[in-house]
Amino acid sequence: TSSASLSNNKIYSIFEDQSGNIWFATDNGVNLLNRSEIPFSFYPVEIKIEGQPVGIEVNNLIDDGKGNFWLATHQGVINFSTQHGILNSFKHQYNDPMSLLADKCLDFYIDEFEKLWIATNKGINVWDPVSSRIHSFPASYDNRAEGLRSQFTNSLLRARDGTFWVGTWDGGIHEIQGDLADMSSISFHRKHDLHSSILCSDAKTLWIEENHRLYKMDLLTRELSEVKSIQESTGGKAIESMIYSDNGSLWLGIDNGLVEYRTYDGSSQYYALKAGRDISLRAMLEDHHGNIWCSSESSIIKFDVKRKQFEVFPVGNDLPLHGFRPRSCCKTPDGMLAFGGQDGFIVFDPDEVSPSGNKTTIGISELHIQNERIIPGQPFRGQNILEQSIFFEDELKLRYNYGSLMLRIASLNYGDLSRRNFAYMLEGYDNDWRYTSGDQSFAHYSNLPPGTYNFLLRGSDTDGEMSDNIR
């Protein structure tokens, strides 16, 4: 047998649950077949080190215009076909000036001459497919001449006015000047002492993140100023990702939400993502409908700009991808979206991703008082608290001096628990909903004052969308 087969061919019973999952009672245990369609295509990226296959983190990726992807990794640059796997790769070779400056690569840009610009932690490389040559631009620390003031390059951006920019960890923002057809004419000019890996632009402005703050540089005058008003919307949180959308808004990804900064009038709005656990929006793309798609540690998240609502699609156990990488994403010419992560990347059509609508029954499965589980029919300190499972109880009477209690929240959908989010509130004590995720599904209360309370509970479907039904 394998993870994709039954544990035993002798089957006693078959049952389909309310979510469409198929259960098999076999001679060697119970098996579950999840029939939910997975809208994400996963492409593992592996190389062999000392004869053993090793998964590669995809730090960034870009469509090469020929149906393949260039992948920036810690093991160099990889040209990858979704049909045939690795087509070509470049690495650093000691004493070889025609190799990469370093294996750690972080960002890409393909210019109008099909040259591939590569940001590494030792400078800039440019791969020319016509001459099959790699050009190198290492850091220059001669203050009397122009050049890169840091070897730690991390971002490349062609602004919408045609100017070309490089971000570094510790050397500031540089403009690339010269004829891109002639590598000998290329020069680097530091414009501002901001250290950032998050850049984007509109037709007139270069937007830059540094140390939780947002800056804008006028592309005509090169004047720099801080957008201080955005601090109220971000709450001082780190800006993890940023894009400029076609509707004239700048979108900022932060922990547990998005901020929309309307560049045309300077106003901003925060949209909270309540998912039961902290979610950092690591990378961001816009689809052809204007909706915003983000990756977090283990989920793909859609923000519907018309409905102003989030939809969360946890990767969970469906795909062998162990987390997405910061700012690792790209949009293909035909509108497909790709996000890179550990051991590979995913590609999907945003029009094919929609909530499953599989609602689930929720309730309380366990009661703990002072860290001791209460068993139905067994007294606790002389009091019979439960006569039956707490799942079927409508009312509890507890002594006020019990100190602390914990309620375990359960879902009757037995799929991947990491997909489940819950919201709960103790009326008479809580002022707002509290959130928890399916794999940490507990409600804790300590030192409640004497009184009468009503415990309210809401649950999500398999895509993390919170139900309006309150139990």
Side-chain angles (χ1 to χ4, degrees), residues 194 196-202 205-217 225-287 289-314 324 326-327 329 337 339 350 353 355 421-425 430-437 458 460 463-468:
L194 292 178
S196 176
S197 61
I198 305 177
L199 310 173
C200 69
S201 85
D202 57 34
T205 306
L206 182 67
W207 301 93
I208 309 165
E209 178 278 336
E210 186 196 50
N211 292 334
H212 302 193
R213 297 181 182 276
L214 178 66
Y215 296 86
K216 63 178 183 178
M217 187 189 75
S225 59
E226 181 184 350
V227 184
K228 295 183 179 180
S229 62
I230 203 70
Q231 288 292 310
E232 182 176 348
S233 295
T234 63
K237 294 180 180 178
I239 299 172
E240 303 289 345
S241 54
M242 179 170 62
I243 61 169
Y244 180 79
S245 68
D246 292 337
N247 71 350
S249 290
L250 188 70
W251 293 89
L252 311 176
I254 61 175
D255 282 350
N256 303 318
L258 280 173
V259 173
E260 180 185 13
Y261 178 73
R262 302 176 185 91
T263 59
Y264 45 87
D265 64 11
S267 64
S268 62
Q269 187 170 351
Y270 170 65
Y271 302 99
L273 172 59
K274 299 179 179 179
R277 58 190 181 276
D278 288 337
I279 290 183
S280 177
L281 303 185
R282 297 182 155 196
M284 193 184 307
L285 294 169
E286 181 184 21
D287 68 18
H289 297 296
N291 296 315
I292 306 300
W293 293 80
C294 306
S295 64
S296 68
E297 171 66 25
S298 59
S299 299
I300 294 296
I301 299 156
K302 174 186 176 182
F303 182 74
D304 189 309
V305 295
K306 293 182 179 179
R307 297 190 300 131
K308 309 297 184 186
Q309 291 183 357
F310 288 97
E311 296 171 2
V312 181
F313 305 95
F324 293 101
R327 296 173 290 284
C329 61
L337 305 184
F339 288 89
V353 182
N421 299 317
F422 303 103
Y424 64 91
M425 180 168 60
D430 290 326
N431 295 321
D432 199 358
W433 291 97
R434 301 188 188 192
Y435 293 86
T436 185
S437 60
R458 299 162 59 200
S460 71
D463 296 310
E465 185 171 354
M466 195 62 65
S467 170
D468 292 328

Can you tell me how far CD of Glu260 sits from NZ of Lys308, rounded to the nearest 0.5 angstrom? 5.0 Å
Drop me the distance from Ser296's OG to Glu240's CD, to the nearest 0.5 angstrom. 11.5 Å
Residue among Leu285, Ile300, Ile301, Leu337 satisfying side-chain contact (heavy atoms from CB on, under 4.5 Å) with Ser295: Ile300
Please say which of Ile208, Thr263, Val227 ends up in a side-chain contact (heavy atoms from CB on, under 4.5 Å) with Lys216. Val227
Under the criterion side-chain contact (heavy atoms from CB on, under 4.5 Å), which of Leu258, Leu281, Asn291 is the partner of Phe303? Leu258
Test Ile254 against every option in Ile279, Val259, Leu273 by the side-chain contact (heavy atoms from CB on, under 4.5 Å) rule and name the one that passes. Val259
Check whether any side-chain heavy atom of Ser229 sits under 4.5 Å from a side-chain heavy atom of Tyr261, and report yes or no. yes
Nearest-0.5 Å distance that lies between atom CH2 in Trp293 and atom CZ in Phe313: 5.0 Å
Has Asp304 got a side-chain atom pairing as donor or acceptor with Lys306's backbone, closer than 3.5 angstrom? yes
Can you tell if the side chain of Glu286 reaches within under 4.5 Å of the side chain of Asp246, non-hydrogen atoms only? yes
Tell me yes or no: between the side chains of Ser267 and Arg262, is some donor less than 3.5 Å from an acceptor? yes
Would you say Arg213's side chain and Glu226's backbone share a donor-acceptor pair under 3.5 angstrom? no
dist Leu250:CG -> Ser201:OG (nearest 0.5 Å) comes out at 10.0 Å
Which heavy-atom pair separates Gly290 from Val305 by the least distance, and what is that distance? O-CG1, 3.2 Å
Does atom CD of Gln269 have more than 12 heavy-atom neighbours from other groups under 6.0 Å away? yes
Return the minimal non-hydrogen interatomic distance between Glu210 and Leu194, and the atom names on each side. OE1-CD2, 3.1 Å
Can you find a pair of side-chain heavy atoms, one from Met217 and one from Tyr215, that are under 4.5 Å apart? no
Please report the shortest heavy-atom distance between Tyr435 and Ala423, naming the atom on each side. CE2-CB, 3.6 Å
What's the spacing between Ser245 OG and Ile292 CD1 if we round to 0.5 Å? 5.5 Å
Output for pair (Ser249 OG, Tyr264 OH), nearest 0.5 Å, gives 4.5 Å
Could you tell me if the side chain of Ile198 sits less than 4.5 Å from the side chain of Arg327, heavy atoms only? yes
For His212, does its backbone N or O pair with a side-chain atom of Glu209 as donor and acceptor, under 3.5 Å? yes
Beyond-backbone contact of Met242 with Leu214, side-chain heavy atoms, under 4.5 angstrom: yes
